[in-house]
Amino acid sequence: MSDFPRFMEPGDEKDISGRITPRDGPVTVRNPHLEHLSEDVLYHLDLSNKANDLPVMFSDVKFVCFGGSPNRMKKFAEFMVKELGVKIPAGMALTNISHGSDRYVLYKVASVLSVSHGMGIPSLSIVFHEVLKLLHYAKCTDVKFFRLGTSGGLGIEPGSVVITEAAVDGLLRPYMEVATLGMVLQHPAFLDKNLCEELLEIANQDKAYKSVIGKTMCTYDFYEGQGRLDGAFCDFTAEDKIAFLKRVHDRGIQNIEMESLCFAAMAHRAALKSAIICCTVVDRLKSDQITASHETLEEWQMRPQRVVAKYIRQQLGLE
Ligand code: R2B
Ligand code: URA
């Protein structure tokens, strides 16, 4: 793994491989320009640090859980209401705090935020910036981030759970490249090993499915980018596809999805403790199409949710 000295800040703890060690403490942003804003409108969340009392609304947040689909993240919020024994007054419902924006959903259940991020890196990146600023303005401390997702597995039974130890791009490079002011900046995509292992221990308690820690390949496209033969275009053969997927599998890639690189890179840059836990919905060494029934997919998607819920309950002393 290469070192990335230009992204280190004075005082950052680094281990020998050049990683920023994730740490507890205040959620920090590293942008001197923010101080000069008279108001910061978090446009896609329909919140503002002037129009809303963000510390009153959010200062107790300790766990931020992201997932692609708005509906899934609503269900996760409802699940957390039960898991944390939160009382919602009769006649009241959980509110999508960002309902005015129509881009993402944001629910708060006690110290847990449930946020949708849409599909792909650009969509995740926007909401990640705004959630980080939100937590910073709200003066939150000791916050952990999770992505609960779906993915295509490699050589594992669909329905298995993969906890990401490191994210790589479609060229197996462990950093996210961002074109910034005409330059390509590379942001390393490391994750918190300890958190991975804690989640694996919880996941392994459920014997109904297999759980593994592995590398995740993150692509910019679902079809050609993930070596599928069933897109609207395809310029490679079935043999090329299988050779590529086997090669990446041999390099320790357990699953493929579309946000891990950005999630890991942004969390790493913010020195946050974070983890990515995905169910697999297809074995890409066997199939491109996802053919499981709606009910089966729902059950598989609950697996990462149950693991993270249990972790949160443990952290809160509820287990
Ligand atoms: C997993 O599933 C989505 C594509 O179907 C994408 O957001 C991802 O990472
Ligand atoms: N999500 C992906 O990005 N790829 C898959 O194969 C399945 C879900």
Side-chain angles (χ1 to χ4, degrees), residues 44 65-76 103-105 114-128 145-164 166-172 176 189 191 209-210 212 214-232 234 236 238 241-242 244-246 248-249 253-267 274-294 296-305 308:
H44 303 87
C65 301
F66 288 89
S69 130
N71 204 25
R72 182 155 33 96
M73 294 324 284
K74 179 175 188 218
K75 285 195 181 141
F76 180 67
R103 293 289 184 184
Y104 302 98
V105 299
S114 179
V115 194
S116 68
H117 60 56
M119 282 192 280
I121 286 178
S123 182
L124 171 69
S125 163
I126 294 169
V127 75
F128 208 107
F145 275 42
F146 299 89
R147 167 169 141 69
L148 296 75
T150 58
S151 62
L154 288 174
I156 36 175
E157 189 70 20
S160 304
V161 164
V162 179
I163 302 161
T164 304
V168 297
D169 72 1
L171 301 174
L172 303 194
M176 173 175 68
L191 288 151
Y209 58 89
K210 192 175 167 195
V212 293
K215 293 199 180 79
T216 297
M217 184 166 85
C218 177
T219 66
Y220 292 90
D221 169 55
F222 182 81
Y223 287 98
E224 291 166 284
Q226 297 187 4
R228 281 190 158 81
L229 298 168
D230 61 347
C234 186
F236 46 83
K241 164 200 150 176
I242 280 297
F244 172 71
L245 292 180
K246 283 195 171 144
V248 300
H249 187 219
I253 311 294
Q254 296 278 5
N255 64 341
I256 310 176
E257 45 75 280
M258 299 179 64
E259 294 85 17
S260 56
L261 197 66
C262 177
F263 183 91
M266 291 184 81
S274 71
I276 300 170
I277 173 165
C278 293
C279 64
T280 61
V281 294
V282 58
D283 178 354
R284 290 302 320 291
L285 296 183
K286 294 191 177 144
S287 169
D288 290 340
Q289 298 252 315
I290 299 160
T291 53
S293 69
H294 179 73
T296 302
L297 288 169
E298 288 274 308
E299 160 54 23
W300 289 347
Q301 290 175 29
M302 278 305 293
R303 292 173 178 177
Q305 295 196 6
V308 171

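Each ligand, and each atom within it, is numbered from 1 in the order the structure gives. Residue numbers start at 1 and run along the sequence shown.
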Look at Glu157 together with Lys210 and state whether they make a salt bridge at an N to O cut-off of under 4.0 Å. no
Nearest non-hydrogen contact with atom 7 (O) of ligand 1 belongs to which option: Glu259, His117, Met258, Arg147? Glu259
Atom 2 (O) of ligand 1 has as its nearest protein heavy atom Thr150 OG1, 3.1 Å
Run the numbers on Asp221 and Gln226 for side chain to side chain donor-acceptor pair (under 3.5 Å), then give the verdict. CA-CA 7 Å; Asp221 169 55; Gln226 297 187 4; over 6 Å; no
Enumerate the atoms of ligand 2 whose separation from the nearest heavy atom of Gly152 is less than 4.0 angstrom. 4 (N), 5 (C), 6 (O), 7 (C), 8 (C)
List ligand 1 atoms under 4.0 Å from Glu257, heavy atoms only on the residue side. 9 (O)
Check ligand 2 against Glu257 and write out every atom of the ligand that is under 4.0 Å from a heavy-atom position of the residue. 3 (O)
Run the ring-centre check on Phe244 versus Phe236 and record whether the distance is less than 6.0 Å. no
Have Thr216 and Thr164 got a donor and an acceptor in their side chains that come within less than 3.5 Å? yes
Protein residue, atom and distance nearest to atom 3 (C) of ligand 1, heavy-atom basis: Met119 SD, 3.9 Å
is_close_aromatic(Phe66, Phe146), centroid dist under 6.0 Å: no
Taking only heavy atoms of Val282 into account, list the atoms of ligand 2 that are under 4.0 Å away from them. 6 (O)
Classify the contact between Arg228 and ligand 2 as side chain, backbone, both or neither, using a heavy-atom distance cut-off of under 4.0 Å. side chain
The atoms of ligand 2 lying under 4.0 Å from a heavy atom of Gln226, numbered in the order shown, are 2 (C), 3 (O), 4 (N), 5 (C), 6 (O)
Under 3.5 Å donor-acceptor, Ser114 side chain and Met73 backbone: yes
Would Arg147 and His117 count as a side chain to side chain donor-acceptor pair (under 3.5 Å) if you check the C-alpha gap in whole Å, the side-chain angles of each, and the deciding distance to 0.1 Å? CA-CA 9 Å; Arg147 167 169 141 69; His117 60 56; 3.1 Å; yes
I'd like to check which ligand 2 atoms, numbered from 1 as shown, lie under 4.0 Å from a non-hydrogen atom of Ile256. 2 (C), 3 (O), 4 (N)
Any donor-acceptor pair under 3.5 Å from Arg103 side chain to His44 backbone: no
Phe222: numbered ligand 2 atoms lying under 4.0 Å from its heavy atoms: 1 (N), 2 (C), 3 (O), 4 (N), 5 (C), 7 (C)
Is there a heavy atom in Gln226 that sits closer than 4.0 Å to ligand 1? no
Where is the nearest protein heavy atom to atom 5 (O) of ligand 1: which residue, which atom, and how far? Phe222 CE1, 3.6 Å
One residue to check: Thr219. Relative to ligand 2, which of side chain, backbone, both or neither has a non-hydrogen atom less than 4.0 Å away? neither
Can you tell me how the ring of Phe145 sits relative to the ring of Phe128, calling it parallel under 30°, perpendicular over 60° and tilted otherwise? tilted
